[in-house]
Amino acid sequence: MMDDWTNDRTYTWLMSTNTQNQTTIDPAATLDTRFKEAIHAAVPDLPQSQIQTHITASRQPKFGDFQSNCAMPIAKRFKMQPRELAAKIIEHLDVSGVAEPITDANIAGPGFINVTLLPDAISESLGAMDNKQLGIVVPDSPPTVVVDVCGVNLAKQMHVGHLRSTVIGDAIARLYERMGYKVIRQSHVGDWGLPIAMVVEQLITIEDAGEDLSSLTLSELNSMYKKVQAACKAETKALELIQRVGGHAKAEIELNERIADANASLEKAKSRLVALQSGDERSVQVWQRIYDITMNACLSTCKRLHTKITDEHSAGESTYRDELAPLVQDLIDRKIAIEDEGALVVQCDGIKEPTIIRKRDGGFLYATTDLAAIKRRVSKLGGDIVVYCVDSRQSLHFKQVFAAAHKAGYDKTQAGNDATLVHAMFGTVLGDDNKPLKSRSGENLNLTDLLDEAVARASATVAEKNPDMSESDRADISEAVAMAAVKYADLSTERIKDYVMNFDRMLAFEGDTGPYLLYAVVRIRSIFRKANELNIDLSNIESAPFNLNEPSEKALALMLLRYPSLIKNAGQSCEPNRLCSFVYDLASAYSAFFDKCPVLKNNDEQVRASRLRLCDLTGRVLTDALDTLGIPTVERM
RNA sequence: GCCCCGAUAGCUCAGCUGGAUAGAGCAACGGACUUCUAAUCCGUAGGUCGUAGGUUCGAAUCCUACUCGGGGUGCCA
């Protein structure tokens with residue numbers, strides 16, 4: 001059902017996208033160039049590098065298609081009258097071939113210069129965009145981007161919080177890929193350290209007691225994880241309170257016993273960790289079991305979510321174990337790390353809290369591992385940009401680690417530049433009580449349950465809308481609709497904000513939702529299916545001239561032309577939600593067009609061909625944008 | 001205490017880095033299916049952009065203070 005007719009088509013007449021100038025596609029870019037020239041001529045005192053044209057799309061049709069807001073700031077700087085300056089700029093402005101002539105009548109308000117594009121210019125731009133790359137220009141020597149995604153922990157099921165690092169992280173990676181960058185995904189799996197040793201210890205104990213663990217599931221591992229965590233957690237605070245307030249003596253004794261038990265468990269876990277770290281065969285074997293069970297489940301969920309995260313991207317904390325001691329020694333030798341209160345720390349300018357990289361007892365911490373990760377990602381994987389798609393609560397941690405890595409020079413690329421380290425943080429998923437979802441004990445809201453519920457709801461709707469559909473088609477479409485709904489819900493809001501988890505909102509199929517976008521694509525494909533049934537000749541539509549006489553046609557065309565700059569914008573800011581708004585606006589513009597402009601019903605062959613081509617191009621841009629978000633489309637729904 | 005983030009329609013959210021009358025979706029109300037898929041479209045109604053100052057031709061957007069909410073803060077990850 002997932003088809004890619006977009007890629008099946010062959011385009012022979014415009015494959016040379018690399019040499020193509022983007023300014024021929026984006027009218028805003030063309031206007032930018034023309035305005036720059038005019039401003040330079042009108043205000044020679046302004047250094048060319050400082051010229052800003054402030055070209056934006058106009059909000060209201062009466063102000064034309066675009067406007068330049070350049071006159072006001074320049075007038076301020078040179079103490080001129082903005083409207084007079086605007087008049088002077090348009091004297092030097094040449095918009096021939098792009099827009100209608102600019103006269104004094106185009107100057108409005110405090111000095112806005114309004115621009116109305118020539119219909120032919122829009123058509124030409126659309127034509128220039130109508131190629132396989134859809135107007136996106138790939139850089140000659142693309143940088144390498146390493147994107148940190150997913151980041152699950154061993155022995156734990158993925159919960160809704162993992163949706164974010166997986167789905168948003170993958171979308172950021174896809175955005176960079178779409179820009180032509182070389183992208184390497186890395187999943188920093190939490191597979192090392194004391195918590196895992198606890199589970200290993202517990203499993204070995206159970207196995208020694210004669211229990212068969214061959215059919216162990218992740219769900220069982222998950223509850224075991226919770227149990228051993230609780231068992232090792234000493235309730236010292238409660239004891240202190242009882243001692244201070246003077247509670248029941250019996251309670252105090254009981255608590256003391258529990259603390260002793262917890263300490264014993266903790267000691268066992270610690271020695272198990274030592275055994276694991278030194279390669280003890282049994283420990284490693286059990287650890288591997290836990291790893292396999294967790295990662296099998298995790299990667300199958302990643303696949304179900306249509307992310308490109310696979311086994312080869314797993315780079316767990318355990319893979320850094322042999323790199324930590326040499327790294328710490330290097331930092332000591334170069335006096336970057338110093339001892340403080342028994343711990344080894346790196347102190348960085350502007351950050352009060354020191355970065356602790358070795359505990360008093362000699363153990364390493366997650367900052368140590370993350371330093372090693374930066375080093376590997378930059379020097380070994382060749383990352384020019386390293387993006388971390390991780391919870392916002394880690395912001396201080398990454399601030400510290402980035403600064404420490406910089407101080408140590410671990411962020412130096414092979415070319416000798418400083419790699420760009422970005423924490424593309426996202427907000428927490430909250431429960432109804434406004435607390436992070438995972439803190440709700442007993443509530444088993446894991447990711448698989450969410451996805452299953454989404455599919456169940458989608459299936460009901462698909463069945464309702466398509467009573468005659470076959471069982472297998474319905475299953476495929478329901479799955480696609482459900483994933484589109486869930487992913488779009490997570491991707492479409494500003495990633496930094498927290499949100500309260502709400503099934504009904506996340507699984508809505510109407511309005512600004514994933515299914516709405518799929519629906520727009522489905523309506524386009526339906527037109528082409530129908531055209532084939534009617535034996536309408538489609539062979540010439542690829543070169544049909546666009547004619548954009550209807551307002552909804554022009555609006556759709558202008559929206560399409562924004563695509564290349566939007567990809568760049570969303571990619572560079574690591575904000576998939578910007579692409580989401582664009583896709584929604586585009587689908588909206590298409591829906592309005594669909595309503596007002598009959599395609600196949602139109603008897604004028606020229607108009608029909610133009611509209612068919614517009615539909616085709618819209619379909620490809622929508623599909624391409626959705627693919628960039630990691631949302632596959634369907635043929636019907 | 002200190003640091004970071006957030007606050008926009010009844011609800012959920014956009015707002016392209018300072019532009020013209022602050023936009024969508026849901027919910028409400030009124031229209032549009034014998035028509036290329038109505039999971040749609042068109043319209044009506046809904047706002048002191050947390051509060052108070054400041055910066056300037058112009059502020060939801062920038063600066064300051066405060067209020068509320070969330071998070072972090074030397075040996076967990």
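To find a chain, count down the sequence lines: A is the first, B the second, and so on, and within it residues start at 1.
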> Closest-nucleotide mapping onto RNA chain B: is A/Ala108 or A/Val481 further toward the 5' terminus? I mean the 5' end.
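Result: A/Ala108.
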> Given that A/Trp192 and A/Met425 both sit by RNA chain B, which one's nearest nucleotide is further toward the 5' end?
A/Met425
> What nucleotide, of B/rG19, B/rC13, B/rA77, holds the atom closest to the side chain of A/Arg505?
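My answer, after comparing the listed nucleotides, is B/rC13.
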> Counting Watson-Crick and G-U wobble pairs with both distances under 3.5 Å, what is the dot-bracket string for RNA chain B, 5' to 3', using [ ] for crossing pairs and | for pairs to another strand?
(((((((..((((.....[...)))).(((((.......))))).....(((((..]....))))))))))))....
> Decide yes or no, distance alone: a donor-acceptor N/O pair under 3.5 angstrom between the base of B/rU21 and the side-chain of A/Lys62.
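Indeed, a donor on one side and an acceptor on the other fall under 3.5 Å apart.
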> Let me have a per-nucleotide readout for nucleotides 57-62 of chain B, 5' to 3', with B, S or -, counting only protein heavy atoms under 4.0 Å.
BB----
> Can you tell me if A/Phe63 is stacked onto the base of B/rA20, using a 5.5 Å centroid cut-off and an angle below 30°?
yes
> Does B/rA39 have OP1 or OP2 sitting under 4.0 Å from an N or O in the side chain of A/Tyr488?
no
> Can you check each nucleotide of nucleotides 28-34 of chain B against protein heavy atoms at under 4.0 Å and return B for base, S for sugar-phosphate only, - for none, in 5' to 3' order?
-------
> Can you tell me how far P in B/rG18 sits from the matching atom in B/rU64, rounded to whole Å?
16 Å
> Out of B/rG19, B/rA14, B/rA77, which nucleotide sits closest to the side chain of A/Ser581?
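Of the candidates, B/rA14 comes closest.
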> Applying a 4.0 Å non-hydrogen cut-off, can you work out what A/Arg360 is touching in the nucleic acid: base, sugar-phosphate, or nothing?
base
> Side chain of A/Lys601: nearest nucleotide among B/rU40, B/rC75, B/rU35?
B/rU35
